[in-house]
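Have a look at the structure below, then the notes.
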Amino acid sequence: MPVGKRRSSLIRSPQFSSLVILIVLLAVFAIADRNFLSPLNISNMMAFLPELGIIALGMTLLLTAGEFDLSVGAVFGLAPVLVMLLVQNGNWDIGVALLAGLLLCIAIGAINGLIVTKIGISSFLVTLSMLLVVRGAALYITQGFPLKSWDQPGFFVTLLAGSFNVGSFRFYTSLWWFIGLSVFAIYILRYAKLGNWISAIGSNRNAAVARGVPADAVKIWLFIATSVLAGLAGMISAFRISAASPVAGTGYELEVIAMVVVGGTALTGGRGTILGTIVGALMLRAIRNGIVLIGVPGLAYNIFVGLIILAMLILHALLQKNAARS
Amino acid sequence: MDVLRLQNLQKSFGSVRALKNASLTLREGEVVALLGDNGAGKSTLIKAISGVFPIDRGEIFVRGEKVSIRSTRDAMDLGIETIHQDTSLAPDLSIARNLFLGREPVNFGWLGVFAPLDLAKLRKAASELLKRVGISKKLDADALVSTLSGGERQSIAISRAMQFAAKVIILDEPTNNLGVEETHGVLRFVKEVRDAGHSVLLITHNIHHVFQVADRIIVMRRGEIVAEQTVADTDLLTVESIITGADMSALLKEARAK
Ligand SMILES: Nc1ncnc2c1ncn2[C@@H]1O[C@H](COP(=O)(O)OP(=O)(O)O)[C@@H](O)[C@H]1O
Ligand SMILES: [Mg+2]
């Protein structure tokens with residue numbers, strides 16, 4: 001492909017338009033409020049970013065394969081609650097308890113995936129039900145109370161939620177997790193054989209199956225990966241704030257899906273972009289943070305978030321139409 | 001030499017007996033047209049051969065050897081390539097990626113599904129293939145399939161089937177939804193495929209197409225094969241009446257008398 005053509009297709013790509021909008025938004029917030037780019041505020045945003053961002057990576061792959069998962073917010077809540085209960089009430093070793101949490105996430109993802117692929121129920125219905133089951137379980141095993149704070153430092157806490165300073169910025173190790181997982185996800189989707197399969201399955205499942213692509217297995221593993229990433233994000237969050245609440249992560253599923261589609265991944269499958277998702281995660285984080293800073297009343301806050309998401313989706317749809325026409 | 005031989009294939013979906021006792025042979029380098037009304041069992045027959053689902057009963061021979069086809073991968077490994085009705089390509093993938101879907105060239109193969117695609121090889125092989133089948137002038141291997149016309153898509157699907165040196169290429173209604181020009185392009189392509197030595201099983205509704213490209217005609221009705229004729233020995237009217245099941249014996253007699 002000639003360079004000129006490649007450049008124009010890059011400019012027309014969804015992740016590029018998202019990036020432009022992100023930069024505009026950042027500039028607007030920075031001009032509107034000088035504190036927006038302060039080390040404290042940036043550190044704050046970077047502390048939250050990985051927690052939803054990590055889930056969004058899994059969700060991007062899943063959406064690209066044509067499925068999605070509404071139970072991630074609930075898994076985000078249940079995994080740390082279970083781990084903490086086992087440690088605090090059951091006197092389990094933290095490592096073993098974490099392993100149990102991991103197995104729980106794998107089981108939840110596998111059940112989602114098996115029901116969706118083998119019984120053929122839409123992932124909307126399956127994972128909506130799973131959301132209720134998992135959230136209900138978290139509330140039941142804790143009787144609705146947050147678990148008493150966990151403040152014993154140790155290997156796992158440092159691994160998941162340790163922090164370090166760069167100048168006057170304070171970052172958490174979770175940022176490394178996010179960066180590392182992002183690089184891996186980009187590699188998978190764009191360069192690996194698996195990514196070719198994921199896109200093909202979401203684009204035209206029957207065509208992929210006819211070429212011998214194991215579509216069901218790929219989807220089941222993606223459900224598992226998404227669930228595990230949600231649990232990992234939940235552990236990171238719980239360790240960071242030294243508490244596990246049974247209602248943690250409520251509403252995250254929609255926030256994560258918003259990040260992914262704002263970044264340019266198609267809700268209908270086939271077209272996914274990890275770079276776009278990273279931009280989308282940054283964008284939603286910046287919007288949520290910036291809107292408060294510039295003094296939009298707290299109750300009006302979701303109006304703006306919703307409108308910006310809508311505007312982004314309209315933009316992507318228009319670009320898509322344009323690309324199809326040319 | 002019989003490339004493919006089917007013996008007494010049977011397949012039911014619940015109480016629907018989609019295939020009752022289907023037997024046919026496909027010889028080397030010939031185009032056989034499989035005709036029949038909607039619901040006759042044509043798609044079921046070719047899905048059974050291409051491993052979309054297992055048959056209930058019957059035997060399949062490839063080059064005289066009995067085989068069992070339990071998955072699409074089995075069929076591909078036996079050299080049977082199928083282009084299904086409207087479902088053969090992934091529109092969001094590039095031409096090159098579609099051409100090698102399921103058989104991607106990779107580096108570090110031991111990494112399994114995590115192995116990196118050999119993108120250079122992929123692109124090179126794709127352009128070579130497009131050139132070989134004579135559609136390289138118009139098409140860029142990196143272009144998304146969603147930007148192609150229906151006829152171009154069918155050509156891509158057929159060239160994909162050719163590239164793996166398939167013994168048998170099965171086309172299920174390849175000219176559905178195509179314009180006149182594109183239809184002729186695909187039919188010309190089918191002839192070229194045959195001339196390159198492949199055997200083709202062509203499923204279609206359109207009898208006129210059959211007379212343009214096929215060597216033999218096989219007609220199915222209600223899950224059974226009801227007639228088998230060489231194109232040279234029959235004509236449009238006869239075949240039409242067989243398909244619809246009009247008074248066959250009388251018509252056949254009449255045809256033979258001619
Ligand atoms: N997956 C399926 N489940 C149930 N019935 C099917 C299925 N596929 C085909 N059939 C039935 O089998 C019969 C043959 O269908 P098909 O092979 O698609 O016909 P054709 O391709 O000749 O139009 C029809 O009665 C159809 O309804
Ligand atoms: Mg059919």
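Proteins come first, then strands; the chains are lettered A, B, ... in the order of their sequence lines, and each starts at number 1.
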Determine whether a donor-acceptor pair (N or O, by modelled atom type, separation under 3.5 Å) exists between the side chain of Asn204(A) and the backbone of Leu89(B).
yes

With a cut-off of 6.0 Å (strictly less than), are more than 12 heavy atoms of other residues, nucleotides or ligands near CZ of Arg70(B)?
no

Considering residues, nucleotides and ligands other than Phe13(B), do more than 12 of their heavy atoms fall under 6.0 Å from its CZ?
yes

Looking only at Gly195(A), Pro214(A), Gly270(A), Gly202(A), most heavy-atom pairs under 4.5 Å shared with chain B are made by Gly270(A)

Return all side-chain donor-acceptor pairs below 3.5 angstrom for residues 93-101 of chain B, not counting sequence neighbours, or 'none' if the list is empty.
unit_1: Ser94(B); atom_1: OG; unit_2: Arg97(B); atom_2: N; d: 3.1
unit_1: Arg97(B); atom_1: NH1; unit_2: Asn196(A); atom_2: OD1; d: 2.9
unit_1: Arg97(B); atom_1: NH2; unit_2: Arg190(A); atom_2: O; d: 2.6
unit_1: Asn98(B); atom_1: OD1; unit_2: Ala90(B); atom_2: N; d: 2.9
unit_1: Asn98(B); atom_1: ND2; unit_2: Ala90(B); atom_2: O; d: 2.8
unit_1: Asn98(B); atom_1: ND2; unit_2: Leu93(B); atom_2: O; d: 3.4
unit_1: Asn98(B); atom_1: ND2; unit_2: Ser94(B); atom_2: O; d: 3.3

Given Val113(B) and Trp197(A), is the side-chain contact (heavy atoms from CB on, under 4.5 Å) satisfied, shown in steps?
CA-CA 9 Å; Val113(B) 296; Trp197(A) 290 3; 3.5 Å; yes

Apply side-chain contact (heavy atoms from CB on, under 4.5 Å) to the pair Glu81(B) and Arg211(A), showing each step before the final yes or no.
CA-CA 9 Å; Glu81(B) 292 279 338; Arg211(A) 302 309 297 166; 2.8 Å; yes

Which is it for Phe184(A) and Phe114(B) under the side-chain contact (heavy atoms from CB on, under 4.5 Å) test, yes or no, and what are the steps along the way?
CA-CA 10 Å; Phe184(A) 184 61; Phe114(B) 296 106; 4.0 Å; yes

Output a table of donor-acceptor pairs, distance under 3.5 Å, between side-chain atoms of residues 309-318 of chain A and any protein atom two or more places apart or on a different chain; print 'none' if there are none.
unit_1: His316(A); atom_1: NE2; unit_2: Ser18(A); atom_2: OG; d: 3.3
unit_1: His316(A); atom_1: NE2; unit_2: Val262(A); atom_2: O; d: 2.6

Identify the heavy atoms of Gly212(A) and Arg73(B) that sit nearest to each other, and give their distance.
O-NH2, 3.6 Å

So what's closer than 4.5 Å to chain A heavy atoms on Val52(B): side chain, backbone, both or neither?
neither

Is it the side chain or the backbone of Leu119(B) that comes within 4.5 Å of chain A heavy atoms, both, or neither?
side chain

Find the one option among Gly102(B), Ala141(B), Gly112(B) whose heavy-atom pairs under 4.5 Å with chain A are most numerous.
Gly102(B)

Nearest 0.5 Å, please: how far is CG in Asp92(B) from CZ in Arg271(A)?
5.0 Å

